[in-house]
Amino acid sequence: MDAQFLHLGIGLLVLLAAQHAPAVLIPSPECQTQCGDVEIQYPFGIGDNCSWSPGFNISCQVQEDNVHKPFIGDVELLNISLIHSTIRVLNHISTYCYDPSSGLMETSQWMLNASSSPYRFSDVDNKFTVIGCNTLAYIMDSDRTGYQSGCVSTCNNQSDLVDGSCSGMGCCQTAIPKGMGYYNVSFDGGFNTSNIWRFSRCSYAVLMEAEAFNFSTTYINTTKFNDTNIGQAPVVIDWAIRDETSCEVAKRNQTGTYACLSSKSECLVSLNGPGYLCNCSKGYEGNPYVPDGCHGVTVGFLVLVISALFGYMIIQKRKLNQVKQEYFREHGGMILFERMRSEKGLAFTVFSEAELTEATNNYDKSRIIGKGGHGTVYKGIVKGNMSVAIKRCALIDERQKKEFGQEMLILSQINHKNIVKLVGCCLEVEVPMLVYEFIPNGTLFELIHGKNQALQISFSTLLRIAHEAAEGLNFLHSYASPPIIHGDVKTANILLDENYMAKVSDFGASMLAPSDKEQYVTMVQGTCGYLDPEYMQTCQLTDKSDVYSFGVILLEVLTGQEPLKLDGPETKRSLSSNFLIAMKENNLDPILPSHIKGQESNELIRGLAQLAKQCLDMSGINRPSMKEIVDELGRLRKLSLHPWVQLDVEMDTQNLLDGASTASFQIEGATTGYSTQESENLPMNPRSSYYAR
Ligand SMILES: *[C@@H]1O[C@H](CO)[C@@H](O)[C@H](O)[C@H]1NC(C)=O
Ligand SMILES: *[C@@H]1O[C@H](CO)[C@@H](O)[C@H](O)[C@H]1NC(C)=O
Ligand SMILES: *[C@@H]1O[C@H](CO)[C@@H](O)[C@H](O)[C@H]1NC(C)=O
Ligand SMILES: *[C@@H]1O[C@H](CO)[C@@H](O)[C@H](O)[C@H]1NC(C)=O
Ligand SMILES: *[C@@H]1O[C@H](CO)[C@@H](O)[C@H](O)[C@H]1NC(C)=O
Ligand SMILES: *[C@@H]1O[C@H](CO)[C@@H](O)[C@H](O)[C@H]1NC(C)=O
Ligand SMILES: *[C@@H]1O[C@H](CO)[C@@H](O)[C@H](O)[C@H]1NC(C)=O
Ligand SMILES: *[C@@H]1O[C@H](CO)[C@@H](O)[C@H](O)[C@H]1NC(C)=O
Ligand SMILES: *[C@@H]1O[C@H](CO)[C@@H](O)[C@H](O)[C@H]1NC(C)=O
Ligand SMILES: *[C@@H]1O[C@H](CO)[C@@H](O)[C@H](O)[C@H]1NC(C)=O
Ligand SMILES: *[C@@H]1O[C@H](CO)[C@@H](O)[C@H](O)[C@H]1NC(C)=O
Ligand SMILES: *[C@@H]1O[C@H](CO)[C@@H](O)[C@H](O)[C@H]1NC(C)=O
């Protein structure tokens with residue numbers, strides 16, 4: 001006869017069987033929300049009036065060592081998940097062992113009764129698990145489903161046992177049906193360990209979370225499986241609001257028992273047992289069971305991204321070696337970093353990749369507004385109505401991944417009227433993306449070389465645009481030390497706003513170019529026709545590389561020709577070499593268009609040509625700085641406006657250059673009969689030829 005020690009596991013909530021409609025649905029703020037390590041969220045609650053219904057009443061018990069643990073009935077609660085509508089609890093392991101002193105089998109058989117409560121065993125997450133070398137264990141639900149099943153486990157040969165494999169050799173698992181709220185375990189007396197007890201004395205059976213189980217061969221010949229959780233194993237239990245069977249009925253019931261109280265929540269039918277559950281609506285998260293419990297995810301997400309940026313930068317900062325730290329401090333990186341942290345209203349946005357995908361209609365071809373060596377530029381709309389140009393970069397290397405955030409920070413601070421504003425970036429740097437303000441009126445390239453001959457632009461306007469572009473570049477070069485190098489200066493990168501004011505774009509692209517020299521060979525910076533020849537040899541971009549490229553822009557302004565003529569004879573293809581040859585022969589005539597020759601003063605043309613020649617010097621150190629170019633262009637523009645004015649006469653230069661209606665200019669205007677407004681922005685007007693006469 002077997003000695004049976006039968007444990008009647010106490011039903012989860014035997015005492016709380018009465019159906020009870022809660023009068024107060026909102027948990028008081030005084031309700032305890034934490035017990036030990038477990039967060040207790042409504043509809044669960046601790047004590048009177050804190051839970052949705054008695055079934056969700058949790059008792060927080062003090063164990064030895066003053067540790068608090070939550071219990072439902074007499075079952076220890078491990079976790080509550082509102083999203084999955086599950087809890088994890090500890091469930092007793094039933095055992096069946098041979099006692100060599102008495103020669104009998106001893107058993108300890110458990111049951112779990114949650115029938116009268118909102119709980120059902122999860123059929124998805126649990127498996128009835130049996131361990132032993134000669135055992136047959138039964139699982140039964142006499143209560144609701146009438147389910148009955150068993151699992152046999154044997155070991156023909158001990159060496160057949162394999163860690164991690166539960167397939168009938170030392171270990172057996174079987175699934176359970178939906179709807180079970182009760183189960184009990186019994187062992188078949190025909191299978192016992194009386195003959196193998198020296199090797200394997202005990203068999204075990206329990207309904208448990210499948211993911212928490214990984215068979216180990218030591219479970220056969222030791223008590224390790226029973227000892228891991230002190231005779232217990234985790235089991236996953238589905239819960240639901242069982243008061244009503246469907247969402248519709250629950251919503252219709254006017255007595256105030258509908259549990260989905262948050263405004264941004266929705267009702268779902270329970271998949272295990274009758275009743276319903278609540279979820280936050282898409283885009284929201286939190287607790288749908290309390291009023292205003294669901295919050296928009298995006299705000300939290302943005303905060304997360306920004307703190308991730310800071311976190312990222314802090315980590316990167318730590319990683320910087322001594323030299324880099326020195327460099328970083330020297331160049332104002334720390335100051336900017338601090339500023340970014342302190343300036344809450346910074347107009348720089350870290351976009352998510354998804355946002356930009358949406359803004360560009362998934363990078364639709366029709367949105368492409370430019371293509372270049374560094375990537376593709378798309379037009380997009382962000383934040384509802386803001387037009388932006390989104391640059392999707394082609395390549396990035398490891399170093400730049402690390403420094404991307406810092407560089408964006410620096411670039412985002414650049415604020416100059418002749419530089420396109422960087423409004424944000426995408427930090428998911430696998431596909432680095434820069435977001436610029438959108439500049440509507442085309443490029444200087446289109447203005448000079450465009451097909452639209454009707455839109456003849458006056459030479460003084462071109463000169464002004466070049467001057468403004470130079471100011472933008474000068475600002476970039478002087479903004480930080482070492483200078484921010486544009487790296488791809490060309491007329492196509494000088495954008496024009498509604499007022500035909502120049503805006504230098506695409507700066508910062510150079511920062512995203514590969515840094516190691518091998519890659520340079522395959523990915524040359526810059527654009528043919530504008531390339532600094534010195535850079536081709538040294539692979540080192542400098543501010544003087546930008547100056548060289550700017551020299552080519554001056555040539556385009558002066559000659560109206562493109563930097564490279566691919567259809568011409570080979571020797572005549574390059575505008576800069578044609579120009580330098582012409583300069584050497586001291587005869588610019590062949591390359592100047594007739595309207596320039598006819599209308600502009602010799603001094604202006606000579607001055608511009610001389611400036612361009614200096615910019616195109618083979619050796620970077622001989623080229624002027626951007627600052628010097630700005631000054632010289634300013635001087636030449638004065639010539640263009642007032643060829644007779646003595647240059648040493650003191651004038652309000654800025655007003656003149658801006659073409660604003662200033663007093664000094666209006667006096668001139670009065671004498672010539674042309675208004676100041678006409679001098680700017682308009683198609684070729686006869687003023688310059690008048691002056692040149
Ligand atoms: C489980 O508990 C419910 C409610 O207390 C009870 O009616 C039922 O008989 C119990 N089931 C078993 C098998 O003990
Ligand atoms: C909740 O559980 C505690 C402890 O088990 C008990 O004292 C209390 O009466 C229960 N409250 C309700 C409303 O069932
Ligand atoms: C729970 O609510 C009932 C009804 O509102 C009230 O009578 C009772 O005092 C409350 N209990 C506690 C502990 O606040
Ligand atoms: C569940 O609780 C255990 C400790 O009780 C913890 O280690 C685990 O991370 C929790 N899981 C979830 C999903 O909260
Ligand atoms: C398990 O349930 C079945 C059916 O109700 C019953 O016959 C059996 O005695 C139970 N076993 C134990 C150990 O309670
Ligand atoms: C168990 O298997 C091993 C090798 O697979 C074999 O050498 C041994 O004889 C087997 N023992 C029994 C009892 O079958
Ligand atoms: C189970 O344990 C074995 C070793 O004990 C390990 O190799 C295997 O990855 C584990 N499997 C899982 C799913 O954890
Ligand atoms: C073990 O099972 C065998 C039959 O399989 C039986 O003869 C024997 O009495 C059982 N031993 C115990 C201790 O129950
Ligand atoms: C249990 O059996 C394994 C082989 O299956 C063996 O490696 C291990 O030493 C044994 N442990 C004990 C305590 O006997
Ligand atoms: C299993 O563990 C429990 C709790 O530690 C203990 O009371 C019981 O005796 C153990 N059973 C076996 C067979 O080791
Ligand atoms: C409304 O809810 C109360 C409490 O749960 C219940 O007693 C009543 O039958 C429900 N009414 C309807 C129409 O379902
Ligand atoms: C420039 O902008 C104006 C309006 O701001 C527009 O009418 C004009 O067509 C634009 N020109 C070009 C070349 O885009």
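Every number for a ligand or one of its atoms is a count from 1 in the order of the listing. Atoms considered below: every heavy atom in the structure, side chains included; atoms not considered: hydrogens, waters and symmetry mates.
Near Gly103, meaning under 4.0 Å from one of its heavy atoms, ligand 8 places the atoms 13 (C). For ligand 10, the atoms lying closer than 4.0 Å to a non-hydrogen atom of Cys97 are 13 (C). Residue Gly190 approaches ligand 8 through these ligand atoms, each under 4.0 Å from one of its heavy atoms: 2 (O), 4 (C), 5 (O).
Shown here are the salt bridge (charged side-chain N to carboxylate O under 4.0 Å, His left out) partners of Asp123, two or more places apart in sequence or in another chain: Lys178. Scanning for salt bridge (charged side-chain N to carboxylate O under 4.0 Å, His left out) contacts around Glu209 gives Arg88, with sequence neighbours left out. Among residues two or more places apart in sequence or in another chain, the side chain to side chain donor-acceptor pair (under 3.5 Å) test is passed with Asp99 by Ser101, Ser102.
Between Asn279 and Ile83, the shortest heavy-atom distance links the atoms OD1-O, 3.8 Å.
Considering backbone and side-chain atoms alike, Asn226 places an N or O below 3.5 Å from some N or O of ligand 10.
Between the side chain of Ser265 and the backbone N or O of Ser262 there is at least one donor-acceptor pair closer than 3.5 Å.
Phe44 and Phe56 have their aromatic ring centers within a separation under 6.0 angstrom.
Partner of Tyr183 under the side chain to side chain donor-acceptor pair (under 3.5 Å) criterion, out of Asn113, Asp141, Asn91, Asn126: Asn91 alone.
Under the 30°/60° scheme for interplanar angles, the aromatic rings of Phe215 and Phe213 are found to be tilted.
For ligand 7, the protein residues placed under 4.0 Å by at least one non-hydrogen atom are Asn214.
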